[in-house]
Colleague: 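Shown below is the structure under consideration.
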Protein chains: 2
Amino acid sequence: MTKRADARRNEKALLDAAAAAFVESGVDAPVRDIAAKAGVGVGTIYRHFPARSDLIVAVFRHQVQECAAAGPELLASSTSPHEALRRWIDLFADFLVTKHGLPEALNAGDLHAYFLERLVPVCAEIVGAATEAGQIVPGINPVGLLRGVGNLCIGAGRDDGYDARQMIGFLIEGLRKD
Amino acid sequence: MTKRADARRNEKALLDAAAAAFVESGVDAPVRDIAAKAGVGVGTIYRHFPARSDLIVAVFRHQVQECAAAGPELLASSTSPHEALRRWIDLFADFLVTKHGLPEALNAGDLHAYFLERLVPVCAEIVGAATEAGQIVPGINPVGLLRGVGNLCIGAGRDDGYDARQMIGFLIEGLRKD
DNA sequence: GAACCATACGGAACCTTGTTCCGGTTAGCA
DNA sequence: TGCTAACCGGAACAAGGTTCCGTATGGTTC
């Protein structure tokens, strides 16, 4: 059941256009703009991506995968589970901080679903290792931690005096069992 | 230059209606709904409150004042500056967590302006005291801290596994200079 | 208490943004 | 070449914020 050639072409054009639009205007870029940039009608967007959020997910899927894949590697290569946690969270934050509007969008609905589904198991593994090693307080919920870090990334692009990474650093430090 | 009686009456009706709407639907309650609940046209809202955000600010002004006022008191009555900081941040978080949609709204524009203007000096004072006492790491930006805590309150109403207060607790703990 | 007008009001209309719908077009195959 | 299932474009709809302007009225003056 292979797709028609024009459909495949349009889907790629849309992904490219969306990626470009997200870079220059943030993930809030209007659907019409993306359609125009791809040389396509809005209807075509909605056939390929039933909702705006599906387009966002599609654009960032690769990077989420990479972030997920990095988890086990960091756990193996770090000097301690807490160090691995810190480094992995940094990776996650780096990803979010560079995508204008993504952290806020993450709080509403479907993005949430995919991102968390993919990253929670990884986070859980690292948190579990750190807990077992007695390096962080027990009972930390991986979902909650991920959401917290995601929230801290909100507004990180603006030039006011907000340093998301610093705050995330404090949060991770506060997890320590001392 | 005193306002006309009907204008004053309508302003109060609007504030009451907005407060009620915010409680039952969150601060995202549509302007039209608020107008209807107050028995007033939308035009009237915009004469009294040039933008939606001004209405939100007006509704919560009192509580922000109270929170600001509590700062010095806590500093005086607590056993240590870090303890005062923790308690004051808890107060701030309690305020935010109980207002559906307020934390997210805080990130966009004008709310920001008023809330921060009022609370930053207070936060700065407590942070300064804790810093001088050598209880937290030096160089913490009060604006950043407030924004971070505000961000952590986002999505705190939902029944998924996110505990904003716990995350805030970790953040404050991570500020410690050990 | 009548007349006047600055002030205030209501709500239709406008703009933007997401989403749906459907008549027209076309790729791929017989 | 013709057929048709798959696909496309964009007008139309819904919802929410904001603006505009003709109408109504509180308060003041005589």
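Computed from a prediction, not measured in an experiment: that's the story for all the values here. In what follows, chains are A, B, ... by sequence order, proteins preceding strands, each numbered from 1.
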Colleague: Does the protein touch nucleotides 16-23 of chain C at the base, only the backbone, or not at all? Give it as B, S and - per nucleotide, heavy atoms under 4.0 Å.
Modeller: -BBBB---
Colleague: Hey, is the side chain of B/Asn10 poking within less than 4.0 Å of OP1 or OP2 on C/dC9, counting only N and O atoms?
Modeller: yes
Colleague: In terms of relative ring orientation, are B/Phe115 and B/Phe95 parallel, tilted or perpendicular, with 30° and 60° separating the classes?
Modeller: parallel
Colleague: Please determine if a side-chain N or O atom of B/Thr44 lies less than 4.0 Å away from the OP1 or OP2 oxygen of C/dA8.
Modeller: no
Colleague: I need the single residue from B/Val57, B/Ile56, B/Leu15, B/Ile34 that forms a side chain to side chain contact (heavy atoms under 4.5 Å, CB included) with B/Phe49. Which is it?
Modeller: B/Leu15
Colleague: Is the closest side-chain donor-acceptor distance between B/Arg147 and B/Asn141 under 3.5 Å?
Modeller: no
Colleague: Treating primed atoms plus P, OP1 and OP2 as sugar-phosphate and everything else as base, which nucleotides of nucleotides 25-30 of chain D get B, S or - for protein heavy atoms under 4.0 Å?
Modeller: BSS---
Colleague: To the closest 0.5 Å, what do you measure between NZ (B/Lys177) and CD1 (B/Ile136)?
Modeller: 9.5 Å
Colleague: Rounded to the nearest angstrom, tell me the gap between atom CD1 in B/Ile34 and atom C1' in D/dG16.
Modeller: 12 Å
Colleague: Whole angstroms only, please: what is the CD1-C1' distance between B/Ile56 and D/dG17?
Modeller: 12 Å
Colleague: Where along residues 13-22 of chain B does a heavy atom come under 4.0 Å from DNA chain D, residue by residue in number order?
Modeller: none
Colleague: For the pair made of NE2 in B/His48 and C1' in D/dT19, what is the distance, rounded to whole Å?
Modeller: 16 Å
